[in-house]
Amino acid sequence: MYKITKTITAASIAIASVAFCTSAYAGEVLQRVLDTKTLKVAVGTDWGTISSLNTNHELEGYDIDVAKGVAKYLGVKAEFVTPGWDLIVAGHWVGRWDIGMGQMTPTTERAEKLDFSENYYYGHVVAIVHTDSKAKEIADLNGEIVGVTTGTLEEQYANQTLTPNWIGARPIEFKFKAGQVKAYSSANVAFDDLRLGDGIRLNAVITDRESAARAIKSGYPLRVLGTLFSAPGAISMMKGDKEFQDKISAAIKSMKDDGTLSKISIKWYGTDNSVEK
């Protein structure tokens, strides 16, 4: 009888200890942020419109404004740190920062070591043609010569090899079959070939919507034919703090619901990239 009682007591202590450790860890990051009244945010200094240093050596960009909005929702201040992208995606942050920005695609592989917020950005990929092109819809690019940047999702799409691996991804619809896919070192080089005229070197270029908009704004005789697909971007966190993850997602949802996220996107991109469309 004594031995049974002793075993039960030991088991009870063990279970209690596990429960204590779990509850102590759950909410640990959130509690630290609230206690210090500081949200440490990992960003880049040379990520263009996402985040970069301005002429006054101050960080600015879409992600900077979004992070400040998240911090405001939590009732704390945002403090920015600038590790390399490789360190952010690698995990093992050991408390050096609380969230990682960079419009990270929440792939299933990354989800093995990171948690993600609700999506706060969607990168839209479009097909653009010369203004002289007779193409009226994306299907008109069947059999045509299409330019892409090498090593990108755009190249995979053009070759019909793209298999989306982000959380919640739907199967990709390939809206045309190119006759030839030409890979370039950068989108700008492809734009230079397309601007020569329809069919001279290219009939179309597949690129992100923002790059296309910048080229058109700078005077390139190009026009957007249509959107092909979009990929999401989310805020990353170390795994294990569900309360913190939920709070960050709630902040993004609140900014979506009141229109703040849309306004920030239009400010930096001229279009609303906070929604998938």
Side-chain angles (χ1 to χ4, degrees), residues 8-44 50-51 59 61-122 165-169 232-261 264 274-275:
I8 292 172
T9 303
S12 300
I13 292 171
I15 293 169
S17 298
V18 171
F20 175 78
C21 291
T22 302
S23 61
Y25 185 75
E28 179 184 345
V29 179
L30 176 61
Q31 195 60 54
R32 182 178 70 239
V33 169
L34 296 178
D35 287 346
T36 61
K37 298 189 181 302
T38 303
L39 178 68
K40 291 185 179 180
V41 186
V43 298
I50 297 175
S51 65
L59 283 164
Y62 177 78
D63 275 22
I64 303 301
D65 287 353
V66 171
K68 288 179 179 178
V70 170
K72 181 180 179 181
Y73 178 88
L74 297 175
V76 302
K77 66 177 181 179
E79 178 182 298
F80 296 99
V81 296
T82 56
W85 174 254
D86 57 334
L87 296 177
I88 297 175
V89 298
H92 310 296
W93 298 351
V94 292
R96 289 172 291 175
W97 54 86
D98 305 311
I99 62 174
M101 304 299 287
Q103 301 170 5
M104 189 184 297
T105 304
T107 63
T108 52
E109 291 85 357
R110 287 171 175 165
E112 293 177 1
K113 53 189 173 183
L114 296 169
D115 282 333
F116 292 99
S117 70
E118 179 170 329
N119 298 328
Y120 74 101
Y121 177 85
Y122 288 90
N165 63 342
W166 50 86
I167 299 170
I235 294 174
S236 57
M237 294 155 272
M238 286 305 301
K239 289 192 74 67
D241 194 332
K242 184 69 164 54
E243 293 179 47
F244 184 56
Q245 181 186 18
D246 289 346
K247 277 289 186 181
I248 299 299
S249 287
I252 294 300
K253 186 178 186 305
S254 176
M255 294 170 70
K256 284 183 179 180
D257 291 346
D258 66 13
T260 299
L261 205 57
I264 294 174
S274 68
V275 293

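Quick caveat, the model's predicted, so the values are computed rather than measured.
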- Do Asp63 and Tyr120 have side-chain atoms, one donor and one acceptor, less than 3.5 Å apart? yes
- Item | From CG (Leu59) to NZ (Lys68), nearest 0.5 Å | 8.5 Å
- Item | Sidechain-backbone polar pair: Ser236 side chain, Gly100 backbone, donor-acceptor under 3.5 Å | yes
- Quick one: pull up CG in Asp258 and OH in Tyr73 and give me the separation to the nearest 0.5 Å. 10.5 Å
- Query: Do we see a donor-acceptor contact under 3.5 Å between the side chains of Tyr122 and Asn119?
  - Reply: yes
- Message: How long is the straight-line distance from CG of Asp98 back to CE of Met237, given to the nearest 0.5 Å?
- Response: 10.5 Å
- State, with a plain yes or no, whether a side-chain heavy atom of Val43 is found less than 4.5 Å away from one of Ile50. no
- Within-4.5 Å side-chain heavy-atom neighbours: Lys40 and Val33: no
- Side chain Ser51, main chain Ile64, donor-acceptor under 3.5 Å: no
- Query: Do Trp166 and Arg110 have side chains that get closer than 4.5 Å, going by heavy atoms?
  - Reply: no
- Val94 and Met238: CA distance, side-chain angles, deciding distance, side-chain contact (heavy atoms from CB on, under 4.5 Å) verdict: CA-CA 9 Å; Val94 292; Met238 286 305 301; over 6 Å; no
- Item | Sidechain N-carboxylate O distance under 4.0 Å for Lys242, Asp115 | no
- Task: Apply side-chain contact (heavy atoms from CB on, under 4.5 Å) to Val41 and Val81, showing your working.
- Result: CA-CA 6 Å; Val41 186; Val81 296; over 6 Å; no
- Query: Looking only at heavy atoms, what is the nearest atom pair of Leu114 and Gly91, with distance?
  - Reply: CD2-CA, 4.2 Å
- If you round to the nearest 0.5 Å, how far is NZ of Lys247 from CD1 of Ile252? 14.0 Å
- Spacing of OG belonging to Ser117 relative to NZ belonging to Lys253, to within rounding of 0.5 Å: 13.5 Å
- Item | Nearest-0.5 Å distance that lies between atom OG1 in Thr107 and atom CD in Glu112 | 8.5 Å
- Message: Taking the side chain as everything from C-beta on, heavy atoms only, tell me whether Met104 gets closer than 4.5 Å to Phe116.
- Response: yes
- Query: Just by distance, do the side chain of Thr36 and the backbone of Arg32 share a donor-acceptor pair under 3.5 Å?
  - Reply: yes
- Query: Is any side-chain N of the basic residue among Lys256 and Glu118 closer than 4.0 Å to the acidic one's carboxylate O?
  - Reply: yes
- Checking side-chain contact (heavy atoms from CB on, under 4.5 Å) for the pair Leu39/Lys77: CA distance, chi angles, key distance, verdict? CA-CA 6 Å; Leu39 178 68; Lys77 66 177 181 179; over 6 Å; no
- Query: If you look at every heavy atom in Ala78 and Ala71, which pair is closest and at what distance?
  - Reply: N-CB, 3.7 Å
- May I have the step-by-step check of side-chain contact (heavy atoms from CB on, under 4.5 Å) for Met255 and Ile264, ending in yes or no? CA-CA 10 Å; Met255 294 170 70; Ile264 294 174; 3.9 Å; yes
- Message: Between Asp241 and Val29 (side chain of the first, backbone of the second, donor and acceptor by atom type, cut-off under 3.5 Å), is there such a pair?
- Response: yes
